[in-house]
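Whatever order the structure lists ligands and atoms in, that order sets their numbers, starting from 1.
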Amino acid sequence: MNDILNRSLCKTYANFFPIGAAVCPDIIKTHSELLKKHFNSLTCENHMKPALIHPEEKKWQFEEADAIVDFATANKMKVRGHTLVWHKQVPDWMFIDSKGNEVGRDLLLARMKEHITVMMERYKKQVYCWDVVNEAIEDKGPEAYRQSRWYKIIGPDFVDKAFEFARKVDPEAKLFYNDYNCTSPEKSKKIYNIAKRLKDNGRLIDGIGMQGHWNIYNPSFDRIMDTIDLYSSLGLKIQITELDISMFLFDDETKEFKQPTDEMIWLQQERFEGIFKIFRDYRDIITGVTFWGVADDYTWLDDFPVKGRKDWPLLFDTQHKPKKAFAGVVNFE
Ligand code: GLA
């Protein structure tokens, strides 16, 4: 068992796909040993998002993102760019003109283009793929699109435009549409339709990012496989971009657990084992698996969906030791 727990995650998966982690500037210091041993791809958890990197029209703050990119380069890791166009963590100035009114379509498109161009030019050498558009699709109901400011001001082709701009700036970069709940039959069909349009109109898209904010109960392995089959039938690649396996069902608001129970630990191991088996089986289609965090001492799920509730969604525990789930992922020969 010790031998198994000493393995390196990314070396074990070297013949399959890169293993990534989302990080903040602090994490590359506090978790550097784990990162260097187990991960060969990084994503900025927040510091490439417009609100942080482009807080005012003429103001860019690259330092934190640069530090993460430099750490990745120094350690021979890939970098996934996240994210260029999203309805959250986008500064208000983007949608307001100099007179304080809401911008029109042309100005917003010009700003989108400028943002995408500066970002992709700057990181051209290091960032090999980008989440060009994040979460543009409505989860339920007849509407295909989320009623975001991007959508309301530009119209449905804001997605196409973002991909067009991105393709022009860096024709080598792999361009992804990224979303959560993308195994839901209803939402996956909508994502499929939009991806098909982007594919048919000049091969603007290379892949779908399935975020992978899942839990120890769902989605089912069959749903995951069906979804990968659906997207890849378009000839697109898949990346799992934000993987974490919560100990709680999404609508479970319990706060009674100070530690995970044995049952939770076992179910999590079984889930991780099962989904990585699927990922390996789809190695020709899956070109990256990124965790949304490194170890259980730092995870956004401690505040979502229930504020202040501890969760344990990753492969390393709060002491940075590999969990049973880790053994399930690396021990497959
Ligand atoms: C979404 C976004 C990520 C991150 C998570 C929550 O999945 O794509 O950037 O903000 O929510 O941490």
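- With Asp297 as reference, His31 is the one residue of Gln319, His31, Lys310 to meet the side chain to side chain donor-acceptor pair (under 3.5 Å) rule.
- The part of Asn134 lying near ligand 1 is the side chain, judged by heavy-atom distances below 4.0 Å.
- Among the atoms of Trp300, none of the N or O lies under 3.5 angstrom from an N or O of ligand 1.
- Some N or O of Glu242 is nearer than 3.5 Å to an N or O of ligand 1, by distance alone.
- The distance from ligand 1 to the heavy atoms of His213 drops below 4.0 Å at these ligand atoms: 7 (O).
- For the ligand labelled ligand 1, residue Lys88 lies outside the 4.0 Å heavy-atom shell.
- Checked by atom type, the side-chain pair Asn134/Gln211 shows a donor-acceptor distance below 3.5 Å.
- Hydrophobic cluster of Trp86: no remaining members, since no ILVMFWY side chain lies below 4.5 Å from it.
- Under the rule for a side chain to side chain contact (heavy atoms under 4.5 Å, CB included), the partners of Lys323 that lie at least two apart in sequence or sit in another chain are Gln268, Asp296, Trp312, Asp317.
- Below 4.0 Å from some heavy atom of Lys49 lie the following atoms of ligand 1, by number and element: 3 (C), 4 (C), 9 (O), 10 (O).
- Smallest separation of non-hydrogen atoms from Ile154 and Arg105: O-NH1, 2.7 Å.
- Within the 4.0 Å heavy-atom criterion, the part of Trp86 lying near ligand 1 is the side chain and not the backbone.
- In terms of polar-atom proximity, defined here as any N/O pair under 3.5 Å, Trp292 does make such a contact with ligand 1.
- The protein heavy-atom contact nearest to atom 9 (O) of ligand 1 is His82 NE2, 2.5 Å.
- Remark: the Trp130 side chain and the Asp170 side chain contain no N/O donor-acceptor pair separated by less than 3.5 Å.
- One side chain, Tyr298 or Glu45, offers a donor N or O that lies under 3.5 Å from an acceptor on the other.
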